Trainee: 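Sharing a structure below in structure tokens format, with a few things to ask.
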Amino acid sequence: MKWNSAKDLMTADVQTVDASWPIDRVAQFLTDHGISGAPVVKDDQLVGVISLTDIARHNGTAGEPASDRPASFYRSELETEYAEEDLENLQISEGGETTAEHVMTPQVYDVNEHTSVQQVAQVMYRGGIHRVFVTTNGEVRGVITALDMLEVVAAM
């Protein structure tokens with residue numbers, strides 16, 4: 001097989017996660033589909049990526065659930081960016097369910113369908129990432145994984 005562009009290599013049937021999904025639904029979705037991560041979309045636009053690792057990190061910080069962290073944790077994190085009077089008015093409350101949008105990685109690596117396979121490899125290598133999304137005007141059209149890139153190398 002000859003791979004010239006991202007379109008030639010990508011998997012077009014991409015499983016996406018809606019930004020509003022609760023993380024327990026996301027975790028079940030990922031495991032049901034046998035995938036380790038998926039693009040997060042909001043109004044059909046790519047807004048992030050979420051993985052089982054992101055969910056695991058969220059569910060435990062230093063051995064305790066994120067929701068059990070004391071308000072002082074948040075306060076100390078914000079002290080460098082906000083004035084003392086603003087922090088005095090800070091109220092930490094239990095919000096609704098934690099969603100994919102809260103846990104996802106907002107930095108997305110994407111390419112267009114015409115990007116060369118070599119350029120895709122460079123994006124993945126430089127970003128230290130396992131998947132890159134193929135998009136058109138912010139909409140996900142496909143995904144290229146590290147295993148897809150190994151297939152190219154193996155065929156050389």
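Nothing fancy with the numbering, it's 1 onward along the sequence. None of these values were measured; they are calculated from a predicted model. Atoms considered below: every heavy atom in the structure, side chains included; atoms not considered: hydrogens, waters and symmetry mates.
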Trainee: To the nearest 0.5 Å, tell me how far I50 CD1 sits from L52 CG.
Mentor: 8.5 Å
Trainee: Could you check I23 against H58 for side chain to side chain contact (heavy atoms under 4.5 Å, CB included), going step by step and ending with a plain yes or no?
Mentor: CA-CA 10 Å; I23 60 169; H58 172 77; 3.5 Å; yes
Trainee: Nearest 0.5 Å, what's the NE2-CD distance between H102 and E97?
Mentor: 11.0 Å
Trainee: Give the minimum heavy-atom separation between V143 and R131, together with the two atoms involved.
Mentor: CG2-CB, 4.1 Å
Trainee: Side chains of Q15 and I35: does their closest heavy-atom pair fall under 4.5 Å?
Mentor: yes
Trainee: Just wondering, do M124 and V120 contact through their side chains at under 4.5 Å, heavy atoms?
Mentor: yes
Trainee: Decide side chain to side chain contact (heavy atoms under 4.5 Å, CB included) for D54 and M104; before the verdict, give the C-alpha distance in whole Å, the side-chain angles of both, and the deciding distance to 0.1 Å.
Mentor: CA-CA 7 Å; D54 294 327; M104 72 180 191; 5.6 Å; no
Trainee: Is there a side-chain contact between K2 and D8, using heavy atoms and a 4.5 Å cut-off?
Mentor: no
Trainee: Roughly how far, to the nearest 0.5 Å, is the CE atom of M149 from the CH2 atom of W3?
Mentor: 10.0 Å
Trainee: Do any pairs count as a salt bridge (charged side-chain N to carboxylate O under 4.0 Å, His left out) and have a residue in residues 9-25, sequence neighbours left out, and if so which ones?
Mentor: none
Trainee: So does Q45 have more than 12 non-hydrogen atoms from other groups sitting under 6.0 Å from CD?
Mentor: yes
Trainee: Answer yes or no: is there a donor N or O on one side and an acceptor on the other, between the side chain of H33 and the main chain of F29, under 3.5 Å?
Mentor: yes
Trainee: If I take atom CD from residue Q118 and atom OG from residue S5, how far apart are they, to the nearest 0.5 angstrom?
Mentor: 13.5 Å
Trainee: Looking at T135, T115, V123, V140, which one forms a side-chain contact (heavy atoms from CB on, under 4.5 Å) with D110?
Mentor: T135
Trainee: Which residue pairs pass the side chain to side chain donor-acceptor pair (under 3.5 Å) test with at least one member in residues 136-147, sequence neighbours excluded?
Mentor: T145-D148
